Amino acid sequence: MRSDGFPDDFVWGCSTSSYQVEGAVDEDGRGVSIWDTFSHTKGKIRDGSNGDVACDSYHRFEDDTELLERLGVNAYRFSIAWPRIQPNGKGRANQKGIDHYSRLVDGLLEKGIEPWPTLYHWDLPQTLQDAGGWPERDTAYRFADYADIMFRALESRVHHWVSVNEPWCSAFLGYRDGEHAPGLHDARLAHRAVHHLLLAHGLSNEIFRQTGMEGEFGIVINPVCRRPAQDTEAHRQAARRASLEQTNLWLDPVFGRGYPQEYVQACGAEMPVLDGDLELIAKPVDFVGVNYYEENCVEPCPQGPDNPLGYRIVPTTLPKTAMGWDVVPEGLRRLLVWISNEWKPKALYVTENGAAFVDIPSRSAGEEGENSEATRGIGSQSAARQVRIHDTERIAYLRGHIDACREAIAQGVPLKGYFVWSLLDNFEWSWGYSMKFGLTAVDADTQARLPKDSFEFYRAVIDAAQDARI
Ligand code: FCB
């Protein structure tokens, strides 16, 4: 092991997703997605915004690729908008949609950056939702067809594929809590969605293996490993139960254990499992992607219909991000160690980690030298040239979490890479543009990209890692 604790082939990357950055929602034959419908429904997005334009990355992907090159990452995790490929979620592929991702992939490869596409980051074609969406089994089959189209289109050029991103959010925030598209409030539908999202993952994994393509295929989840507020057995049990829905519910079936019975019974979850489904879902994956932002502290409370798992989140006095999320870098190490010991995945990647803070631009023309690379924006430029964003809190957040990755590796976790969320400030779902997670600010009027200090920090981390290569 090298002195800095990271292996030579460690993947340093950055993530975005289609609906959050692309814009161009009605161009080149793109169909409507559930996020178009949801964001245009009054009252759903806190700042009343939508992803119609977002960061305009559909048109400015070359600017984005240039930024990535400047950052020095060796991987870019983006997602493919299913409605660009099959506007109605089924049938013949829309060549213009494929061409877009093909150009993006070529542009990345030219710069030595590995493309890491995610097939599903929440933008389901609206027509499939009209037919029932993820609670319907047919959606999983439609997804498998779409995945097949993409495998064939990008086969020789893409070597890392993610099936679905954070299916917990799609199922529970989308169908039970009403916070995400399609905005429903029905736990029964959410449980059906859980199974069909996992089935979609399993079916696409099987197709991936059948193509004989070289490369890795995995799933990305947002697991939690909740911390007991006190060191008592009752608290430890509450913390364990509190982690079931976001962690065991996904990893148990993916690693061949079926659905966790304790969860199923406590929540009265009826998964529409047919013969052979669990085998498909349990087809070996090459990696598990972990999205980590925060860790919560919990205490027990009586189990009942309103609280079937019997726990409550306890507020802490820890520092918080603008989302109100506790900053707990140590929690990332704990989570990675737990997953690695409990499910023994071949490889783990932190596929998202980052933080929203209130960024205050400072006008410091000349401070760092007008033409230094740090002050040169991309996109249009004079305004960007005079402004800097000294996002010291984000830097501290990233530093702490990168250290936690290093410690996890030292403890034997097969952690192979780390991706910052996000390359750009973007459309943060029901928060609209009010929450900024980017290493790069985006001027809403001009679309100029302005790297923040955290961009330079991450670049220095990657540079140092390269220098430490043996
Ligand atoms: C994750 C999502 C990602 C982004 C971050 C902040 O849950 O996968 O799209 O919104 O949170």
Side-chain angles (χ1 to χ4, degrees), residues 13-23 33-36 38-39 44-47 49-51 54-55 57 64 76-82 116-124 162-177 179-181 197 201 218-224 245-247 250 288-296 320-328 331-332 335 349-359 391 393-394 397-398 401 418-442 454:
C14 205
S15 298
T16 61
S17 86
S18 45
Y19 189 69
Q20 293 179 276
V21 302
E22 284 181 353
S33 87
I34 56 174
W35 269 95
D36 297 303
F38 189 73
S39 65
K44 299 295 185 196
I45 309 299
R46 285 166 212 237
D47 63 1
S49 64
N50 55 56
C55 307
S57 288
D64 294 347
Y76 179 45
R77 177 173 171 254
F78 57 94
S79 78
I80 297 170
W82 185 353
W116 278 62
T118 296
L119 289 164
Y120 186 71
H121 200 128
W122 308 350
D123 38 5
L124 185 72
V162 171
S163 55
V164 294
N165 175 72
E166 298 191 6
W168 177 83
C169 294
S170 298
F172 291 103
L173 298 183
Y175 291 91
R176 181 190 65 189
D177 301 340
E179 278 176 43
H180 279 187
L197 283 152
H201 158 77
I219 185 169
V220 165
I221 60 170
N222 55 329
V224 294
E245 187 180 282
Q246 269 180 250
T247 316
W250 308 95
V288 170
V290 167
N291 292 352
Y292 176 85
Y293 291 92
E294 60 163 346
E295 184 191 74
N296 296 124
K320 300 201 173 6
T321 70
M323 299 288 284
W325 295 344
D326 281 2
V327 178
V328 196
L332 174 57
L335 177 65
Y349 291 89
V350 172
T351 33
E352 286 180 26
N353 176 241
F357 287 108
V358 178
D359 291 329
D391 53 342
E393 289 172 300
R394 186 173 291 103
Y397 180 99
L398 295 175
H401 288 78
Y418 171 87
F419 293 72
V420 172
W421 182 273
S422 176
L423 176 65
L424 305 167
D425 285 346
N426 58 45
F427 178 75
E428 181 46 40
W429 307 114
S430 58
W431 292 84
Y433 297 94
S434 61
M435 288 296 157
K436 300 181 186 308
F437 281 84
L439 298 175
T440 310
V442 178
S454 55

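Each ligand, and each atom within it, is numbered from 1 in the order the structure gives. As the structure is a computational prediction, the values presented were derived from the model and not from experiment.
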- Exactly one of S17, S18, S33 clears side chain to side chain donor-acceptor pair (under 3.5 Å) with D123, and that residue is S18

- Using ring-ring contact (aromatic ring centres under 6.0 Å, His included) as the criterion, list what pairs up with F38, not counting sequence neighbours. W35

- Message: Taking the ring centre of each residue, are H401 and Y292 less than 6.0 Å apart?
- Response: yes

- Message: For F419, give me all partners under ring-ring contact (aromatic ring centres under 6.0 Å, His included), at least two apart in sequence or on another chain.
- Response: W116

- Give me the one residue out of N353, N222, T351 that meets side chain to side chain donor-acceptor pair (under 3.5 Å) with N291. T351

At less than 3.5 Å, what protein N or O atoms come close to the N or O atoms of ligand 1? Include the distances to 0.1 Å.
| unit_1 | atom_1 | unit_2 | atom_2 | d |
| --- | --- | --- | --- | --- |
| ligand 1 | 7 (O) | E166 | OE1 | 2.6 |
| ligand 1 | 7 (O) | E166 | OE2 | 2.9 |
| ligand 1 | 8 (O) | H121 | NE2 | 3.3 |
| ligand 1 | 8 (O) | N165 | ND2 | 3.1 |
| ligand 1 | 8 (O) | E166 | OE2 | 3.3 |
| ligand 1 | 8 (O) | E352 | OE1 | 3.1 |
| ligand 1 | 8 (O) | E352 | OE2 | 3.0 |
| ligand 1 | 9 (O) | Q20 | OE1 | 2.7 |
| ligand 1 | 9 (O) | H121 | NE2 | 2.8 |
| ligand 1 | 9 (O) | W429 | NE1 | 3.0 |
| ligand 1 | 10 (O) | Q20 | NE2 | 3.3 |
| ligand 1 | 10 (O) | E428 | OE1 | 2.8 |
| ligand 1 | 10 (O) | E428 | OE2 | 3.0 |
| ligand 1 | 10 (O) | W429 | NE1 | 2.9 |

- For E166, which residues count as a salt bridge (charged side-chain N to carboxylate O under 4.0 Å, His left out) partner, sequence neighbours excluded? none

